[in-house]
Amino acid sequence: MTAHLPEPTPRPVPSGELRASHDDREAVVEQLRDAAAEGRIDLDELDARLEQALTSKTYAELALLTADLPQSPSLAAENLPPLVLKGGMYGASRGPGRWEVPGHVIAHAGVGGVSIDFTRVECRLAEVVVEAYGETSGVTIVIPDGWATDTTGMDPGFGGIKDKTTPDRLPGTPLIRLTGSGGMAGVVIRHPSKRERRKLDGKPARG
């Protein structure tokens, strides 16, 4: 009787050998163009690298084209650790104002609640995951006009999820992907109010 030999276990593919997507190539093209605009590479070198970028098939091939360039802001943001906000007894907030947006934000409302305001930030990430837990007092998220949100991955819980944003997303803006649970008090995501818009425009708020 012929013994059946075990099938060989597939060899894991090193990350550098993974196939690059159109978006991966486009991200490198954008980084190269920025480098040329900053005077880091000349136009002849830019043309040569762009041609290689558009024909690269793996991550390793793309990495070679930017190995001698500073990391782009979007890549640096992707490497930031998650921002964790805990409302506790007295509440917690991030913004308004400029702050560095990581790819993952975690908000636990607790008793005091959490407020997250993205209206004055500069974010070059394609997507930001906001993991929100409404708990006792709720989480409020404010995003600029032109930013969009996806709430399909969130459990509404008892408090629910109130999405007051518009679906019109401007090119180059991040998608805010909500996950987590509404808990008892719920989660609200919206654009700035009239009062907040006046502050953004530098106008005095009306009483």
Side-chain angles (χ1 to χ4, degrees), residues 11-85 94-107 116-132 141-154 165-180 189 191-192 200:
R11 178 181 65 89
V13 178
S15 59
E17 295 179 14
L18 293 173
R19 291 281 178 156
S21 68
H22 292 304
D23 288 345
D24 296 326
R25 285 186 281 271
E26 190 59 37
V28 170
V29 165
E30 188 68 26
Q31 187 177 356
L32 292 172
R33 287 175 176 160
D34 288 345
E38 294 165 357
R40 300 183 191 278
I41 55 178
D42 60 35
L43 293 180
D44 289 338
E45 190 171 8
L46 172 64
D47 288 340
R49 293 197 190 195
L50 287 179
E51 184 176 352
Q52 294 177 55
L54 294 173
T55 57
S56 293
K57 292 182 171 55
T58 66
Y59 286 125
E61 291 173 358
L62 287 175
L64 287 175
L65 301 175
T66 58
D68 59 348
L69 299 176
Q71 200 173 43
S72 70
S74 61
L75 291 176
E78 287 176 356
N79 293 331
L80 289 173
L83 169 64
V84 181
L85 299 169
R94 180 55 57 99
R98 298 191 179 278
W99 51 282
E100 201 165 15
V101 181
H104 191 185
V105 179
I106 304 170
I116 307 171
D117 191 330
F118 290 94
T119 53
R120 293 183 182 272
V121 304
E122 293 180 7
C123 182
R124 298 182 64 180
L125 293 169
E127 180 177 300
V128 177
V129 175
V130 178
E131 186 179 341
I141 303 159
V142 184
I143 63 175
D145 295 321
W147 288 27
T149 184
D150 179 357
T151 63
T152 56
M154 187 165 195
T165 64
T166 61
D168 304 322
R169 182 182 177 189
L170 294 176
T173 62
L175 174 71
I176 302 298
R177 189 177 300 281
L178 274 179
T179 64
I189 185 164
H191 296 303
L200 288 171

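Here the structure is a predicted model, which means the values were calculated and not measured.
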CE-CD distance between Met154 and Glu131, expressed to the nearest 0.5 angstrom
9.5 Å
Taking every heavy atom of Pro144 against every heavy atom of Pro192, the minimum-distance pair comes out as CA-CD, 4.5 Å
Once side chain to side chain donor-acceptor pair (under 3.5 Å) is applied, do any residues pair with Thr165, and if so which ones, sequence neighbours excluded?
Asp163
Would you say CD of Glu51 has more than 12 non-hydrogen atoms from neighbouring residues, nucleotides or ligands within 6.0 angstrom?
no
dist Asp117:CG -> Arg94:CZ (nearest 0.5 Å) comes out at 11.5 Å
Does any part of the side chain of His191, heavy atoms only, come nearer than 4.5 Å to the side chain of Ile143, both counted from C-beta?
yes
Find out whether Thr149 and Ile141 are in side-chain contact, i.e. whether some heavy atom of one side chain is under 4.5 Å from a heavy atom of the other.
no
Is atom CG of Leu170 surrounded by more than 12 heavy atoms (other residues, nucleotides or ligands) closer than 6.0 Å?
yes
Asp145: which residues meet the side chain to side chain donor-acceptor pair (under 3.5 Å) condition with it, sequence neighbours left out?
Arg197
Determine whether a donor-acceptor pair (N or O, by modelled atom type, separation under 3.5 Å) exists between the side chain of Arg120 and the backbone of Arg98.
no
Start with the C-alpha distance between Leu69 and Leu32, add both sets of side-chain angles, then the distance that settles side chain to side chain contact (heavy atoms under 4.5 Å, CB included), and finish with yes or no.
CA-CA 9 Å; Leu69 299 176; Leu32 292 172; 3.9 Å; yes
So, taking the atom named CZ in Arg25 and the one named CG in Leu65, what distance separates them when rounded to the nearest 0.5 Å?
12.0 Å
Residues Lys57, Glu61: salt bridge by 4.0 Å N-O rule:
no
Among all residues two or more places apart in sequence or in another chain, which pass the side-chain contact (heavy atoms from CB on, under 4.5 Å) test with Leu64?
none
So, using side-chain contact (heavy atoms from CB on, under 4.5 Å) as the criterion, who are the partners of Asp44 when residues are at least two apart?
Asp42
By side-chain contact (heavy atoms from CB on, under 4.5 Å) - contacts of Pro174 (at least two apart)
Cys123, Val128, Trp147
Check side-chain contact (heavy atoms from CB on, under 4.5 Å) between Ala36 and all other residues, then give those that pass, not counting sequence neighbours.
Ile41, Leu46
Gap between atom CD of Glu45 and atom CZ of Arg40 - 0.5 Å precision:
13.0 Å
Flag side-chain contact, heavy atom, 4.5 Å: Trp99 against Ile116:
yes
At what distance, to the nearest 0.5 angstrom, does NE2 of His22 lie from CG of Leu54?
10.5 Å
Which distance, rounded to the nearest 0.5 Å, do you find between the OG1 of Thr55 and the CG of Leu50?
10.5 Å
